[in-house]
Asker: 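Before we start, here is the structure in question, set down as structure tokens.
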Amino acid sequence: MAKKPGIPKGTRDFTPQEVNKRNYIMETIKQQFQLYGFQPIETPSFENSETLMGKYGDEGDRLIFKILNSGDYLRKASEEHLRSKDSNALVSQISEKALRYDLTVPFARYVVMHQNEIDLPFKRYQIQPVWRADRPQKGRFREFYQCDADVVGSDSLWQEVEFVQLYDAVFNDLQLNGVTIKINNRKVLAGLAEIIGAADKLIDFTVALDKLDKIGEEGVKNEMLQNGISEAAIEKIQPLFSFEGSNQERLERLAVMLKDSETGLQGVEELKFIVEKVEKLGTKAARIAIDVTLARGLNYYTGAIFEVAAPKGVAMGSIGGGGRYDDLTGIFGLKGVSGVGISFGLDRIYLVLEELGLFPESVVEQTKVLILNFGESEAFYGMQLLQDLRSAGVKAELYPDAAKMKKQMNYANKRDVPFVVLAGTQEMNDGTYTLKNMRNGEQETLSLEGILEKM
RNA sequence: GUGGUUGUAGCUCAGCUGGUUAGAGCGCUGGAUUGUGGUUCCAGAGGUCGCCGGUUCGAACCCGGUCUUCCACCCCA
């Protein structure tokens, strides 16, 4: 025997049951995407490195899987970089392609390349795997699916309202109640940084603030102090550390805090519009909550920022995220096209549904009828029933070999097939079939029509 | 990328301070049962103890490296 095979770290095989469950989630999402008017596109698994590099920050660049050039790639590498073992400098010489890191940047590239055939606003959805050279953890993989819906070419805040409703619709379909759609706004964060005189430290400021629920008030303050934000400045945003109350109350308090920041107030207005409309129109499975500490994806989000938290009690990172980016296509030369979108984390939603036991039983149902095989003529007799069952849309199969009945029964049992059909000489003479219910052991002899009726 | 953790049969795991032929349960295969599974009973197969090297008379056990698992950080779906 050869050495036992394995798969790369952070990747997975999926069993038939797992694929069925994943398909269930994907179909649910896809249905709602289409219901909301999004159209599907697909992009290549790998892009030119220059399309991806530099779009996700330094951290992102590190996590991008690079693809080695074909052929004698070292020949083109510079002697100097080879000798100094400078990996960073070398990589651009020996790798020109990289695996897709997310679906948003490829979408921006798509919009720019296809701008003449696209009617704005353009609503697209995309469900494809992405790859990150990350260290795996619970709910973190190196290959995973993203399910994205984005709109480009509209500044309207109604888009944001609709995206919250879309989230709600999907989670409602999945019967995943109690999720929280957290919302924030880049302009609010910029305003906060502005009033404390740390506008130039926006990223450091928000990254620290983002950790509030993890490292606590003192931890955040310490990190801010270390980043050169003064104690007096931190005092000005003290209310953020005990930011309780309804969305309405939070908005009012933010407006007071940000009264001297034009940008900040604009952010508050945007938040107010979205939250008010969403709350008035109503949600089913999810609730919307303003969270000023939310600061993901700051590298390109300019307006709304979304993040979806699993129901309380489920230990899982965010199961979705999104936001508005006023000028994403700008990096590819198309200015002034605003985009806003959301993403569903399929793999994490799977883990949450599994943990809460929310997959419907019908999702994993496979073959409904197994016809036992007692020999060639009996199998042929069974085949006639099989054809009719399949025409009627019943998932059915014939056991391929005339094996011992125990073995055939066991096969049906283990695969959880609810019915088996026995048809031997007796039934052939009578023109009947014996149908056995594997759940309760009952069986009855029926005509071909009788069987079809039962299914 | 940093720190920690894990690896023994298909699966879940025992295996004493290093000491002969490494065990259990479940699963698997066959039989009891030649048209009746899920229960029971009997028998059997299956392991270079993650991999490489070192210490030792002797290593699943100790040491080093490597890969893998999971966790925290970074970051993120």
Side-chain angles (χ1 to χ4, degrees), chain A residues 1 3-12 15 25 29 56-64 87-88 100-104 127-148 167 203 207-208 210-211 214-215 219 223 294-299 306-310 315-323 341-352 370 372-375 378 399 402-428 433-443 445:
Chain A
M1 252 292 269
K3 198 178 134 195
K4 275 186 190 171
I7 56 175
K9 172 163 55 175
T11 65
R12 298 150 298 161
T15 63
I25 300 172
I29 293 172
Y56 311 100
D58 292 342
E59 193 64 25
D61 282 358
R62 205 193 77 209
L63 298 177
I64 292 174
S87 302
N88 285 334
R100 182 169 58 215
Y101 177 88
D102 74 353
L103 300 179
T104 307
I127 300 177
Q128 289 190 280
V130 302
W131 295 269
R132 295 184 186 177
D134 210 355
R135 280 226 189 157
Q137 263 178 58
K138 179 170 185 176
R140 293 182 91 160
F141 308 98
R142 304 223 280 187
E143 176 184 62
F144 62 95
Y145 270 75
Q146 284 190 335
C147 312
D148 278 24
Y167 265 139
I203 299 290
V207 165
D210 190 48
K211 294 178 187 166
K214 221 174 211 173
I215 61 178
E223 188 162 326
L294 179 60
R296 301 307 167 87
L298 270 184
N299 281 311
F306 297 112
E307 183 170 297
V308 183
M316 180 61 63
S318 66
I319 56 177
I342 59 172
S343 180
F344 289 83
L346 170 70
D347 299 86
R348 288 186 176 179
I349 292 170
Y350 181 102
L351 291 172
V352 171
L370 177 75
L372 299 197
N373 185 333
F374 297 123
E378 290 91 339
Y399 195 88
K404 287 187 180 160
M405 173 145 5
K406 180 188 171 94
K407 193 176 167 118
Q408 301 192 39
M409 282 289 200
N410 247 325
Y411 182 75
N413 206 44
K414 276 184 300 193
R415 292 196 14 191
D416 220 17
V417 176
F419 295 96
V420 298
V421 164
L422 297 86
T425 37
Q426 213 173 302
E427 286 85 353
M428 286 170 71
Y433 296 90
T434 296
L435 180 72
K436 181 182 173 85
N437 182 323
M438 296 297 281
R439 299 266 156 80
N440 56 25
E442 283 170 16
Q443 62 185 62
T445 302

Asker: Measure the distance from CD on A:Glu59 to P on B:rU2 and round it to the nearest whole Å.
Answerer: 12 Å
Asker: Would you say the side chain of A:Arg62 lies within less than 4.5 Å of the side chain of A:Asp58, judging by non-hydrogen atoms?
Answerer: no
Asker: Starting from the C-alpha separation in whole Å, work towards a yes-or-no answer on side chain to side chain donor-acceptor pair (under 3.5 Å) for A:Thr434 and A:Gln443.
Answerer: CA-CA 7 Å; A:Thr434 296; A:Gln443 62 185 62; 5.4 Å; no
Asker: Could you report the tightest heavy-atom contact between A:Gln408 and A:Tyr399, atom names first, then the distance?
Answerer: OE1-CB, 3.4 Å
Asker: Between the base of B:rA77 and the ring of A:Phe344 - centre-to-centre under 5.5 Å, planes within under 30° - is that a stack?
Answerer: no
Asker: Please, what dot-bracket string fits RNA chain B when only Watson-Crick and G-U pairs with both distances under 3.5 Å count, crossing ones use [ ] and pairs to another strand use |?
Answerer: ((((..(..((((.....[...)))).(((((.......))))).....(((((..]....))))))..))))....
Asker: To the side chain of A:Arg140, which of B:rU36, B:rG1, B:rC74 is closest?
Answerer: B:rC74
Asker: Are A:Gln137 and B:rA72 close enough that a side-chain N or O sits under 4.0 Å from OP1 or OP2?
Answerer: yes
Asker: Can you check the A:Phe144 CZ to B:rC75 P distance for me, whole Å?
Answerer: 16 Å
Asker: Would you say A:Lys211 places a side-chain N or O within less than 4.0 Å of OP1 or OP2 belonging to B:rC74?
Answerer: yes
Asker: Counting just side-chain N and O atoms, does A:Lys214 come under 4.0 Å of either OP1 or OP2 of B:rC73?
Answerer: yes
Asker: Between B:rG53 and B:rA77, how far apart are the P atoms? Round to whole Å, please.
Answerer: 43 Å
Asker: Can you check nucleotides 27-29 of chain B for protein contacts, nitrogen or oxygen pairs under 3.5 Å, and list what you find?
Answerer:
residue: B:rC28; atom: OP1; partner: A:Lys414; partner atom: NZ; Å: 3.3

Asker: Taking B:rC49 as the reference, what is the distance to B:rG23 when you measure between their C1' atoms (whole Å, please)?
Answerer: 12 Å
Asker: Checking contacts here: which listed nucleotide (B:rG31, B:rU68, B:rG3) is nearest the side-chain heavy atoms of A:Lys9?
Answerer: B:rU68
